[in-house]
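Below you'll find the structure, written out as structure tokens, and then a few comments.
Below, each value reflects all heavy atoms present in this structure, side chains not excepted, and no hydrogens, waters or symmetry copies. Just so you know, ligand 1 is whichever comes first in the structure, and atom 1 is the first atom listed for that ligand. For reference, positions follow the sequence shown, starting with 1.
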Amino acid sequence: MKVERGDRRLLMFQEIEKGGSGEEIAEKAGVSRTAVWKFVRRLEELGYEVEVDRKSGYRLVSSPDPSPFHMALAALKIPGVERYYHFDEVDSTNRFAKEVSNAVVFSESQSSGRGRLGRRWESERGGVYMSLSLNMTIPVSEIPKVTLLSGLAVCRALEDYGARIKWPNDVLVGGKKVSGILSEFVGEEMAAKVVVGIGVNVRNRVPDALRDRAISLHEVDENVRITEIFTRICEQLSNLLSAFPQKWGEILEEWKRLSDTIGREVRVSLYGEEVVGKAVDVDADGGLIVVSGEGRRKVISGECFYTNY
Ligand code: BTN
């Protein structure tokens, strides 16, 4: 499903959610009463429950989870986002997002979900698999900041669960990974398309082999809803992107406060090379500063292990 900003289906959906007669809804959304009736049938096919009363008209009683229309409304509030794509299954939302612009792409499952460092991302139904694709006129050197900002958005969205950020961009709940971010970009200096892919374990089962390191939110909150988590992430992306780049200093300070890595003994490996020492800081472009007997080193990417755990 594709929904663009200003789509009449969104207007009808909002009116049906509030409740009203077919005539009122049709007028407010600028469509015919038959169009409203047809849209209600479509909502029912998608799993929404709409009450129809001769006197009071239509009223939304319940929504499926995930709820494509609630999610479209949330995604289209992000500054710069013009369209929302909702898939039942796609190979990878990041792969798809590179082909479109100024969009949020969500899929209920992925057949070839991609993780960092060329890994696979398990993407069974029940998780949030989303990518934000934005054309940005920023220097390429600023792109890591967008990745950091996105990690903070997810961490804020999962605040109720006591989420923390493990460098470079994993979000942890109870010390286990609940979300990962894969940022990619296509284009050139000052004309880049930034794709931020976010995966969150929400109602999906974590594979047995990963259970000691990963967690799914339903393990700590049996009532958690995919729509709610997606909506909170979109709200936080909106807040932080509106403040970027002017308030970058404040964003970075908050990122550091929520960091689970600063202050720990770490081993960071990147393509066979290892840096071991104490993580003391994250610099303005997201590099981890590690101090050891050999001195101070900045690591820009890689996999981070805690050695004093
Ligand atoms: C990581 O390895 O920690 C990053 C995982 C990123 C997974 C997300 S799910 C949505 C988007 N589409 C993909 O193929 N990958 C990212």
Side-chain angles (χ1 to χ4, degrees), residues 66 71 74-75 78 81 84-100 103-134 143-144 146-155 157-158 163-173 175-186 193-207 209-217 226-227 229-230 232-234 237 259-261 268-271 286 288 300-306:
M71 291 161 73
I78 299 175
V81 172
Y84 172 71
Y85 294 87
H86 190 110
F87 289 104
D88 178 59
E89 176 159 296
V90 73
D91 52 351
S92 152
T93 56
N94 262 36
R95 203 271 311 144
F96 185 87
K98 282 191 216 162
E99 289 173 13
V100 293
V104 169
V105 184
F106 173 89
S107 187
E108 300 194 14
S109 60
Q110 297 182 114
S111 52
S112 314
R114 302 178 188 170
R116 289 179 63 242
L117 309 169
R119 296 194 180 123
R120 184 183 152 76
W121 183 257
E122 292 294 334
S123 310
E124 275 181 29
R125 209 162 282 278
V128 161
Y129 311 109
M130 64 184 285
S131 300
L132 169 68
S133 167
L134 280 182
I143 290 172
V146 181
T147 311
L148 239 68
L149 172 157
S150 307
L152 178 58
V154 175
C155 195
L158 304 183
R164 309 264 296 163
I165 313 171
K166 180 179 180 200
W167 183 90
N169 237 336
D170 290 349
V171 178
L172 311 179
V173 163
K176 294 184 178 181
K177 179 161 170 171
V178 74
S179 169
I181 296 181
L182 175 66
S183 300
E184 301 181 76
F185 81 97
V186 271
K193 181 189 291 177
V194 182
V195 172
V196 181
I198 302 173
V200 190
N201 297 324
V202 182
R203 302 203 63 86
N204 53 312
R205 211 180 153 275
V206 169
L210 301 176
R211 292 197 72 79
D212 56 333
R213 283 175 287 142
I215 194 171
S216 186
L217 290 176
I226 299 163
T227 307
I229 298 300
F230 175 90
R232 288 192 194 174
I233 295 173
C234 290
L237 283 170
S259 163
D260 185 66
T261 307
V268 185
S269 75
L270 181 65
Y271 304 119
L288 186 70
I300 51 160
S301 177
E303 187 165 19
C304 176
F305 302 91
Y306 295 159

Shortest non-hydrogen separation from Ala157 to Arg232 and the atoms involved: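 So the two residues come closest at O-CD, 3.5 Å.
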Does Gln110 use its side chain to pair, donor to acceptor, with the backbone of Thr93 at less than 3.5 Å?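 Yes, the answer is positive, given that a donor and an acceptor are paired below the 3.5 Å cut-off.
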Derivation of the side chain to side chain donor-acceptor pair (under 3.5 Å) call for Tyr306 and Thr261: CA-CA 8 Å; Tyr306 295 159; Thr261 307; 2.9 Å; yes
Could you check Leu210, Val173, Leu172 and say which one makes a side chain to side chain contact (heavy atoms under 4.5 Å, CB included) with Ile215?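 It is Val173, the one option of Leu210, Val173, Leu172 that forms the side chain to side chain contact (heavy atoms under 4.5 Å, CB included) with Ile215.
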Is the Phe106 ring parallel, tilted or perpendicular to the His86 ring (thresholds 30°, 60°)?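 Taking His86 first and then Phe106, their aromatic rings sit tilted (interplane angle of 30° to 60°).
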Go through the side-chain N and O atoms of Ser109 and Glu89 and say whether any donor and acceptor fall under 3.5 Å apart.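 Yes, side-chain donor-acceptor contact under 3.5 Å.
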Identify, chain by chain and in numerical order, each protein residue with a heavy atom under 4.0 Å from an atom of ligand 1.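 Within 4.0 Å of ligand 1, protein side: Ser92, Thr93, Asn94, Gln110, Gly113, Arg114, Gly115, Arg116, Trp121, Tyr129, Met130, Ser131, Asp170, Lys177, Gly180, Ile181, Leu182, Gly197, Ile198, Gly199.
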